[in-house]
Amino acid sequence: MNKILEVNDLKTHFAIQPENMQEKKAILKAVDGVSFDVHEGEILGVVGESGCGKSTLGRTVLRLEEKTEGLVKYKGTDIYSLSKSELKKARTSMQMIFQDPYSSLNPRKKVSSILEQPLRIHNVCQSNEISARIDALLDEIGLNPKYKGRFPHQFSGGQRQRIGIARALTLNPEFIVCDEAVSALDVSVQAQILNLLLDLQERYSFTYLFIAHDLSVVEFISNRIMVMYLGRIVEYADKSELMKNHLHPYTQALFSAFPSTDPRGRENKKQIVMGDVPSPINPPTGCHFHPRCPFKKDICMKEYPEMKEAAPGHFTACHLY
Amino acid sequence: MTEKMNNDEILLSIKDLEVNFYTYRGIVQAVRSVSFDIKKGETLALVGESGCGKSVTAHSINQLIPMPPGKIDNGEIFFEGKDLLKLSEKEIRAYRGDRISMIFQEPMTSLNPVFQIGEQIADVFRTHHGLKKDESWERAVKLLELVKIPSPEKQARSYPHQLSGGMRQRAMIAMALASPNPGLMIADEPTTALDVTIQAQILRLLAELKTEIEMSVLLITHDMGVVAETADRVVVMYAGRKVEEADVNDLFENPRHPYTLGLLNSLPSNEKYRGEKRLEAIKGQVPDLLTIKGWCPFENRCEYATDICRQSFPERTELSPGHSIWCHLEGKYE
Amino acid sequence: MSENIMPAEKLQETMDKEPGRVQEALHQLRKNKGAIAGLVIIILFLMTALLAPVIAPHDPLEQNISLRKSAPLTEGYILGADDLGRDLLSRIIYGGRISMIIGVVSVGIALVFGILIGVISGYYGGWLDRIVMRLIDIMLAFPYVLLTIVIVAILGPSLTNAMIAIGISQIPQYVRMVRASVLAEKEADYVTAERSLGASDLELMFRSILPNCLAPISVQATLGVGEAILSSAALSFLGLGAQPPTPEWGLMIASSREFITTAWWIVTFPGIATLLAVLGFNLFGDGLRDMLDPKLRD
């Protein structure tokens with residue numbers, strides 16, 4: 001398997017302006033030491049709750065957010081060593097699909113000019129071919145090209161998300177970060193978009209980094225799944241392995257908290273993890289999950305656990321293993 | 001109209017509700033001929049996608065829809081036998097926040113940011129029940145304890161922004177319970193803004209509270225998982241109308257309206273997709289409520305639609321006691 | 001229920017013809033009586049300014065000594081004549097032309113520099129932004145009229161310099177407004193998306209972000225025209241703007257104020273003209289603000 005993306009000990013920290021003069025500048029460690037590879041042609045799911053750093057991770061690997069430390073290699077090249085013009089070229093093959101179909105399209109631009117912009121910037125095709133290319137793109141994502149003269153606000157949420165996908169396809173990318181790409185949509189539309197993403201992946205052998213908070217969506221679409229908590233990966237494995245076997249107590253909590261669609265199942269009381277997600281500005285010492293963990297030991301409060309291969313191909317960062 | 005059920009048991013009864021929004025683009029037919037009852041101690045879920053009229057229906061109960069442009073054009077809403085739609089603004093205000101309380105998706109918008117949460121809850125006791133200052137504060141702290149906020153005495157003195165999202169939702173619930181005789185709680189997407197682990201905590205809290213206090217809950221949600229976890233009975237809405245009403249087990253095991261079926265099939269968590277590569281999505285999109293035609297609004301997306309579906313709005317078909325659908329096919333399709 | 005039934009073809013048509021922004025704006029305008037009144041005044045004002053040579057019954061500079069200070073409605077002099085026997089109506093009409101030019105030119109100067117500085121400052125942020133904002137703060141610390149007077153005093157009194165001075169002293173308000181809008185807009189996902197597609201800083205600033213900031217700017221610019229007309233009248237009144245015999249409203253008021261008891265019309269009519277023009281722009285500007293504020297819409 002070819003690695004399309006290698007991420008090594010990546011950290012993205014933000015300085016938070018203090019609320020008053022006495023306080024020190026706080027550091028928000030959105031991504032704090034994350035290492036993983038993405039293989040060509042796979043769908044790698046990233047799941048976690050708000051504040052776990054999954055969106056920042058997606059932006060940092062595309063260099064849409066500057067890293068603090070660590071290494072991001074795309075097809076063997078460190079994207080943080082690239083000059084501005086080299087980066088512009090490299091970005092043609094790395095794209096992003098955003099969560100909010102309302103803010104991710106420029107409200108003052110017609111659909112045709114939203115799609116035309118990247119074609120023009122990168123001279124993808126002759127100017128007389130642009131219009132045909134836009135029609136083909138809209139056709140591809142299931143929108144009638146006759147509506148290309150409309151503004152984004154004239155479309156429904158699902159249609160806007162399709163336009164966002166069309167925009168990501170303009171430059172023939174290979175690697176696409178889907179940041180909560182279906183979270184803002186109604187279930188029936190969400191299913192359409194998930195199918196579309198899978199169709200496109202099959203046709204063009206895309207690689208997706210699929211970021212979402214909805215476990216069922218990640219579980220459905222991914223080949224491999226990473227679970228994040230407070231800026232770090234706590235567990236990752238192939239989907240089939242992870243579905244059978246939740247090793248990390250946080251993964252267990254996440255799975256048991258997810259509402260099932262079997263109303264008869266609710267009688268057998270499941271274990272619910274208590275407490276709130278701590279702030280990433282001041283995460284707990286040691287293992288970040290220890291204040292909520294039902295199995296915590298002394299060592300959990302002192303040391304952050306190493307990532308270990310607890311079962312073949314199944315990695316977790318937990319002192320229990 | 002003859003009532004089959006024992007009237008004592010029914011807390012809230014909505015009959016033939018019709019709500020329109022008059023905009024310059026035309027009349028938005030937000031809610032059409034919606035009727036249902038909520039029994040004492042029952043949790044009824046109103047479920048549907050955005051724009052299906054579930055929130056408008058719920059907000060009609062205590063008349064919190066913006067009027068104008070909204071207008072309740074027809075229907076009756078009986079709460080303990082009294083038609084709320086015939087009450088004056090002053091009389092309805094006595095119900096709001098006392099016998100009929102609401103919790104919202106984002107508690108930050110409904111809690112006052114400049115008052116301590118204990119104070120806000122105590123205020124409800126003072127204004128609605130004329131309690132003294134000390135006593136109402138004591139009651140507020142007790143309520144915070146009831147909704148399992150850790151160290152309630154201390155937390156009662158904190159301001160909304162000092163609490164986490166989950167704690168704020170608990171405080172909001174406590175405020176909704178601030179009545180010696182809570183009747184109906186309308187929960188409008190109460191866990192949509194929360195993380196799953198926190199959502200599980202809040203859903204469990206709501207379930208536990210229901211056994212402790214006799215309270216009815218009208219749950220409004222788009223999330224079928226939340227429905228399965230909490231509801232006793234379910235009303236599915238589409239384009240302003242009821243399409244199916246059933247007991248929660250019936251609905252999930254034997255959905256008979258093509259829309260309900262499509263909705264459940266769209267869920268990626270559906271067991272039948274283990275190992276499958278595609279979801280069974282409903283084609284097309286929700287119709288514009290400005291241009292609802294004179295027949296079944298789901299007709300253009302329904303894979304079973306035939307000519308009769310384009311003739312009139314479907315009438316109610318009772319499949320079994322408590323399980324009804326509004327579909328011309330009357331559940332006979334494969 | 002029959003009115004709800006709509007044939008399928010007709011339905012498709014209504015979906016194809018969704019109301020555009022223009023229609024929506026017109027609808028909002030129709031509801032706002034003040035804005036309509038403002039717009040009518042502005043259009044009247046513009047028309048007279050454009051057609052001044054056609055409408056004006058006399059040459060505004062032509063003196064007719066025999067008719068000095070003649071009262072309104074005397075032989076073809078509808079509003080009367082001034083102390084030098086010039087037709088007051090014609091002078092007011094030509095004065096409108098000058099006021100219009102002043103309004104447009106000075107707001108134009110303020111807009112160009114305000115937008116340029118505001119967009120760059122907001123987009124890049126950092127030390128550049130901090131320096132720009134401190135300079136703006138210093139400019140705002142001067143009273144508006146004082147600042148204008150200081151600039152005219154440096155440049156020398158003339159109508160052109162008055163326009164430049166008014167333009168410069170209006171720059172800070174545009175810089176602040178544009179910068180604030182840019183700060184909010186640049187965080188939107190569409191900006192990130194376009195950046196990831198290779199759009200340059202210049203393209204992002206002026207083709208993506210700026211069009212989304214124009215709503216508040218257009219309100220400010222409308223109000224700014226009224227403000228500029230008033231300021232220029234004030235400057236001319238003080239002798240720092242237009243010089244005699246130019247038919248400028250402020251100057252007309254200044255040079256005839258001694259006659260207020262003997263020939264009230266010479267000073268009153270230019271005053272009313274100024275008031276109406278400024279009122280028109282203010283009414284329309286306020287209406288525009290309401291129209292563009294989504295919170296006030298239905």
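To find a chain, count down the sequence lines: A is the first, B the second, and so on, and within it residues start at 1.
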### Pair A:His213-B:Val196, side chain to side chain contact (heavy atoms under 4.5 Å, CB included): steps then yes or no
CA-CA 8 Å; A:His213 71 277; B:Val196 263; over 6 Å; no
## Note on the structure
From the list B:Gln199, B:Met224, B:Glu253, B:Met167, the residue making the most non-hydrogen contacts under 4.5 Å with chain A is B:Glu253
Closest heavy-atom contact between [X] and [Y]?
X	Y	value
B:Ile198	A:Arg292	CD1-NH2, 4.1 Å
A:Phe258	B:Glu229	O-OE2, 4.4 Å
B:Ala228	A:Ser260	CB-O, 3.3 Å
B:His222	A:Val187	O-CG2, 4.2 Å
A:Gln192	B:Lys283	NE2-C, 3.5 Å

### Query
Non-hydrogen atoms of chain A under 4.5 Å away: do they reach the side chain of B:Ala231, the backbone, both or neither?
backbone
Kindly indicate whether the side chain of [X], heavy atoms from C-beta on, has any atom under 4.5 Å from the side chain of [Y].
X	Y	result
A:Gln190	B:Leu279	no
B:Phe252	A:Thr261	yes
B:Pro268	A:Leu194	yes

### Task
Identify which part of A:Asp214 has an atom lying under 4.5 Å from any heavy atom of chain B, answering side chain, backbone, both or neither.
neither
### Query
Which distance, rounded to the nearest 0.5 Å, do you find between the OG of B:Ser266 and the CG of A:Asn195?
9.0 Å
### Query
So how far is it from B:Thr197 OG1 to A:Phe255 CZ, rounded to the nearest 0.5 Å?
13.5 Å
### Query
Can you tell me if NZ on A:Lys148 sees more than 12 non-hydrogen neighbours from other groups inside 6.0 Å?
yes
## Note on the structure
Result for side-chain contact (heavy atoms from CB on, under 4.5 Å) between A:Pro263 and one of B:Asp232, B:Asn249, B:Val234, B:Asp247 points to B:Asn249
### Test item: B:Asp195 side-chain N/O and A:Ser50 main-chain N/O as donor-acceptor pair under 3.5 Å
yes
#### Entry: side chain to side chain contact (heavy atoms under 4.5 Å, CB included) evaluation trace for A:Ser188 with B:Arg301
CA-CA 11 Å; A:Ser188 71; B:Arg301 302 177 76 188; 3.2 Å; yes
